[in-house]
Amino acid sequence: MSDVKTAVAPPTEPWLRQAAELLRQGQLVAMPTETVYGLAANAWDGKAVEGIFAAKGRPQDNPLIVHISSMEQLEGVVSHFPKEAEKLAEAFWPGPLTMVLPKSEKLAPQVSAGLDTVGVRMPAHPVAQKLIDLAQIPLAAPSANVSGSPSPTTASHVKNDLDGRIPLVLDGGDCPVGVESTVLSLQGKPTVLRPGFVTPQEIEEVLAASVDVVATRAESCEENFAPPSPGMKYRHYAPRCEVILVDSELDGFRSYVEDRAGDGRAIFALCFEGEDAGLAVPAVTYGKAGDAASQAAALFDSLRRLDALGAEVAYARSPAGGGVGLAVRNRLLRAASFREVRL
Ligand code: TXA
Ligand code: MG
């Protein structure tokens, strides 16, 4: 497993063909999507899918999302595509919306980790689309990080996590969205299991019906808590350093962080662009204040940068939680193991 040579290659025609061939042979390929990089395998090949779990160190009971590039491929992935799903696909595909639907018998059972449903999405990234077209198979692909660490938004994030474990990373540059897709269950009342770039309000508008959102806090660390989405029970998106959110105006945030400097540990601020000027502690920024899309695009890289800079504790400016900010807040809260100070 650890003696594979990992190539990082541009998504040129020959490399895309090579990647498609590897996938058809049951191997793993990391590919860019508009959200984060995915670690792809043939969703019909159980052995290939097992390889994903092994490479990531992913818990066996956490199901994978299947990626398609055309509506025809739904056959062989889901057993039923309801009217609501059609409307949502029309509105948001290709794009960062994953729908949880009844699965097809043809899928490798490992994809769904024992559930009778499957999460499916059509990514908007041209490299992912081209790869699926060439391979002519649906691709099971979780985020291409080691389980638990921040999701990868650049090819070098993938290389850092999975070097020696997979043969190929297609380098499509930075992922424009930066947080993972919205996961929406269509089993019963439409319910957002994981917030993402497509917001609950946008989904409600298309369905002309109300949508539930699973509370972030619901994950709790209780042993017997059975979350609707298995992925929600694991600590996620966490850098090595300790993260603590600070919900406050900028001035309050600055003095709170500066007061904590000098406790013997490497204290950092995780704030918005421009807010680091004149701060008495080192800082990493994640996007612009009041611009959730820019925060989403920068967040995971910023968490990884904190580790690279040797941060031991990072006090983070709390993001506003509305719209896309719901996803940013969800990821940061998890990175912080739900610790948030309110000033
Ligand atoms: O944007 C994304 O969704 C990225 C890119 C690569 O497409 N993929 C991604 O996959 O984030 P992953 O495996 O890191 O997260 C998938 C999430 C997990 O929380 C998992 O538990 C949930 O979706 N999920 C997958 N299938 C499910 C199902 N059948 N029922 C409920 N939750 C499901
Ligand atoms: Mg993931």
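Only heavy atoms go into these numbers, but all of them, side chains included; no hydrogens, no water, no symmetry mates.
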### Query
Under a 4.0 Å N-O cut-off, is there an ion pair linking R121 with E34?
yes

### Task
Please check if any side-chain donor atom of E180 sits under 3.5 Å from a side-chain acceptor atom of S151, or the reverse.
yes

### Task
Report the residues that fulfil side chain to side chain donor-acceptor pair (under 3.5 Å) with E258, sequence neighbours left out, ordered by chain and then residue number.
none

### Query
Same cluster for V281 and V284 if Ile/Leu/Val/Met/Phe/Trp/Tyr side chains link at under 4.5 Å?
no

#### Entry: L131-M71 co-clustered via ILVMFWY side chain contacts under 4.5 Å
yes

### Message
Looking only at the side chains, is there a donor atom on one of N145 and H157 sitting less than 3.5 Å from an acceptor on the other?
### Response
no

### Message
Is it the case that the side chains of S149 and R240 hold a donor-acceptor pair, with the cut-off being a distance below 3.5 Å and no angle test?
### Response
no

Side-chain donor-acceptor contacts of residues 170-179 below 3.5 Å, not counting sequence neighbours, with atom names and distances?
residue: D171; atom: OD1; partner: G173; partner atom: N; Å: 2.9

### Message
Please list all pairs meeting salt bridge (Lys or Arg N to Asp or Glu O under 4.0 Å) that have one or both residues in residues 4-14, counting only residues at least two apart or in different chains.
### Response
E13-R17, E13-K130

## Note on the structure
Contacts of A9 meeting side chain to side chain contact (heavy atoms under 4.5 Å, CB included) (sequence neighbours excluded), chain-then-number -> W15, L168

### Query
Given E50 and R58, is the salt bridge (Lys or Arg N to Asp or Glu O under 4.0 Å) satisfied, shown in steps?
CA-CA 10 Å; E50 279 169 18; R58 184 179 178 97; over 6 Å; no

### Query
Is it true that D45 and R24 make a salt bridge, defined as a side-chain N closer than 4.0 Å to a carboxylate O?
no

### Task
Kindly confirm or rule out a cation-pi arrangement of R260 over Y256, judged by NZ or CZ under 6.0 Å from the six-membered ring centre and within 45° of its axis?
yes

### Query
Are Q25 and E21 linked by a side-chain donor-acceptor pair shorter than 3.5 Å?
yes

### Message
If the condition is side chain to side chain contact (heavy atoms under 4.5 Å, CB included), which residues does V313 pass it with, not counting sequence neighbours?
### Response
E242, I244, R265, I267, Y315

### Query
With A283, which residues qualify under side chain to side chain contact (heavy atoms under 4.5 Å, CB included), at least two apart?
A269, C271, D276, L279

### Message
Hydrogens and angles aside, do T191 and S185 bring a side-chain donor and acceptor to less than 3.5 Å of each other?
### Response
no

### Message
Applying a strict under-4.5 Å side-chain criterion to I, L, V, M, F, W and Y, I'd like to know whether F253 and L343 cluster together.
### Response
yes

### Message
I'd like to know if V246 and V328 are part of one continuous hydrophobic network [Ile/Leu/Val/Met/Phe/Trp/Tyr, side-chain heavy atoms within less than 4.5 Å].
### Response
no

#### Entry: E86 and K83 ion-paired at < 4.0 Å
yes

### Message
Does either side chain, that of K159 or that of T154, offer a donor lying less than 3.5 Å from an acceptor on the other one?
### Response
no

